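In what follows, a structure is listed as structure tokens, so that the remarks can point back to it.
Side chains included, hydrogens not; waters and symmetry mates left out as well; all remaining heavy atoms used. Please read all numbers here as calculations on a predicted model, not as lab measurements.
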Amino acid sequence: MAEKRDYYEVLGVDKNASEADIKKAFRQSAKKYHPDLHPGDKEAEAKFKEVNEAYEILSDSEKKARYDQFGHAGVDPNFGAGGPGGSPFGQDIDLGDIFNSVFGGFGGFGGGRRANPNAPRRGTDVEANVFVTFEEAAKGTKTQVKYKAISTCTECNGTGAEKGTSPKNCTVCNGTGRVTINQRTPFGVVQTQKACDACHGQGKIVDKPCRHCDGKGRIRRNRTIDINIPAGIADEQILNVGGHGNSGINGGPAGDLHVYVNVRPHPVFERRGDDVWCEMPITFAQATLGDEVTVPTLDGKVKYNIHEGTQPNDIFKLKGKGIPHLNGRGRGDQYVKVTVEIPRNISNKQKELIRELQKLSSDKNYQKRKSFKNKLKDLFGE
């Protein structure tokens, strides 16, 4: 089996990278290798999975800390001999408990009542990517999002116990998930609390674990949902879909799904804010004499009259032909930049006509050329 690459190397960040930097690097890499952009490409698919695995670890502060200290072994599910929630070095000592016992909660270690391990807890949020075309982003569309999320096990209904059985209160900690121990300190013998080893802090014991979820009560599944992409959404904007994240614990609500919208580039149009820009080539004759031309827009083709004497890089505006304002009224505009194409491979007859045109032309026909000649005259006195 090939050795795993360093997660920081996979995302292209250093160990001092901030949470925002890690997230940005993940977004760029996930977009680069996403299967939708590389259908059938096994190498891209493998890199996409590698990027997701790296982000799953580095985006979680606890997993990141273990990875920084112990490498890939630190984030292995079987890491440590203490079982789930235990310490790899045996009994875990809670310094906060010691200081709370001795100083009554002073020193910023956080006193107060321990949370009920069986209280409902909200599920965490998950992220997914979706790819849409330029037109779909502009006009809105309905699409499917495929992602993975943790769901409550349907076999045990989240209890973790085999169907027909139920968890029992832990007799060691009486269902509290914590046990009190005596410890010798420089200040004498004090009482501290730690997670119960018998139930791993859960307060419940499962005699017969559910075989479907291995007693965890939850299982990671592939999910597919339909979502509406609103008209006017921009590249890399995030849609929040409430209640479609990881399932909650002990009956708590599910987290949310954050959908990153990726807009594919368009061969003709470019978006700037809510305006649409494009370049349109016209002939030398059209620029000189003017002409009616056909201009592409998001709504189809429209006619536009190029005025006589149009210059290269002139810009004209089609009002209201841009992107709809997101969650608002109205639309942006479309701007068309004109490029004048000089003819190539012309015939002798065409050359003759152009030379004739040149003979008949004067500085009054070429304002920029006239201005340039005047500047030279001022500069050199000629």
Heavy-atom side-chain proximity of [X] to [Y] below 4.5 angstrom:
| X | Y | answer |
| --- | --- | --- |
| K64 | I22 | yes |
| F134 | L298 | yes |
| N262 | R27 | yes |
| I225 | L257 | yes |
| C278 | Q334 | yes |
| R264 | E136 | no |
| V10 | S29 | no |
| K142 | I227 | no |

Is a side-chain donor or acceptor of [X] paired with a backbone partner of [Y] at a separation under 3.5 angstrom?
| X | Y | value |
| --- | --- | --- |
| D333 | D275 | no |
| N246 | I150 | yes |
| T224 | K146 | no |
| N365 | S362 | yes |
| R331 | G322 | yes |
| H244 | A254 | no |
| N250 | A119 | yes |
| Q311 | G309 | yes |
| D60 | E62 | yes |

Are there more than 12 heavy atoms of other residues, nucleotides or ligands under 6.0 Å from atom CD of E270?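 Yes, CD of E270 has more than 12 neighbouring heavy atoms, counting only those of other groups under 6.0 Å.
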Is E43 atom CD crowded by more than 12 heavy atoms from other residues, nucleotides or ligands, each under 6.0 Å away?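 Atom CD in E43 is not packed in, count stays at 12 or less.
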Please determine whether side-chain contact (heavy atoms from CB on, under 4.5 Å) holds for the pair D207 and T165, giving the CA-CA distance in whole Å, both sets of side-chain angles, and the decisive distance to 0.1 Å. CA-CA 9 Å; D207 292 330; T165 67; over 6 Å; no
If I take atom [atom1] from residue [X] and atom [atom2] from residue [Y], how far apart are they, to the nearest 0.5 angstrom?
| X | Y | atom1 | atom2 | answer |
| --- | --- | --- | --- | --- |
| N157 | T152 | CG | OG1 | 8.5 Å |
| D314 | I282 | CG | CD1 | 8.5 Å |
| Q28 | E236 | CD | CD | 7.5 Å |
| K32 | K47 | NZ | NZ | 7.0 Å |
| I346 | R344 | CD1 | CZ | 12.0 Å |
| D291 | T310 | CG | OG1 | 10.0 Å |

If you group Ile, Leu, Val, Met, Phe, Trp and Tyr by side-chain heavy-atom gaps below 4.5 Å, do [X] and [Y] land in one group?
| X | Y | result |
| --- | --- | --- |
| Y260 | L239 | no |
| Y335 | V295 | no |
| I219 | V126 | no |
| V336 | V276 | no |
| F284 | L353 | no |

Compare every heavy atom of [Y] with every heavy atom of [X], then report the nearest pair and how far apart it is.
| X | Y | result |
| --- | --- | --- |
| A231 | A138 | CB-O, 3.4 Å |
| P296 | F269 | O-CE2, 3.5 Å |
| S151 | R223 | OG-NH2, 2.8 Å |
| P209 | G215 | CB-CA, 3.8 Å |
| R178 | Q193 | NH2-O, 3.2 Å |
| V13 | A25 | CG1-CB, 3.6 Å |

Step by step, would you call K351 with I354 a side-chain contact (heavy atoms from CB on, under 4.5 Å)? CA-CA 5 Å; K351 291 178 182 178; I354 292 174; 5.8 Å; no
Do [X] and [Y] get their side chains close enough for a donor-acceptor pair, meaning under 3.5 Å?
| X | Y | value |
| --- | --- | --- |
| Y8 | N16 | no |
| Y67 | K15 | no |
| E127 | Y147 | no |

Working note: E292 + I306, criterion side-chain contact (heavy atoms from CB on, under 4.5 Å); need CA distance, chi angles, decisive distance, verdict. CA-CA 6 Å; E292 183 182 73; I306 297 289; over 6 Å; no
Are the charged groups of E19 and K23 less than 4.0 angstrom apart, N to O?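 Salt bridge absent between E19 and K23.
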Should K49 and E45 count as an ion pair when the cut-off is N to O under 4.0 Å?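 Salt bridge between K49 and E45, a charged N being under 4.0 Å from a carboxylate O: yes.
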Carefully, step by step, assess Y7 and E53 under the rule side chain to side chain donor-acceptor pair (under 3.5 Å). CA-CA 8 Å; Y7 287 145; E53 180 181 327; 2.5 Å; yes
Identify which one of K31, R272, R271 satisfies the salt bridge (charged side-chain N to carboxylate O under 4.0 Å, His left out) criterion when paired with D235.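 That would be K31.
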Go through the steps to decide whether R122 and D256 satisfy the test side-chain contact (heavy atoms from CB on, under 4.5 Å), and finish with yes or no. CA-CA 10 Å; R122 180 183 181 275; D256 296 339; 3.4 Å; yes
Only one of H212, R218, K216 passes side-chain contact (heavy atoms from CB on, under 4.5 Å) with C153; say which it is.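 Of the listed options, the one satisfying the test is H212.
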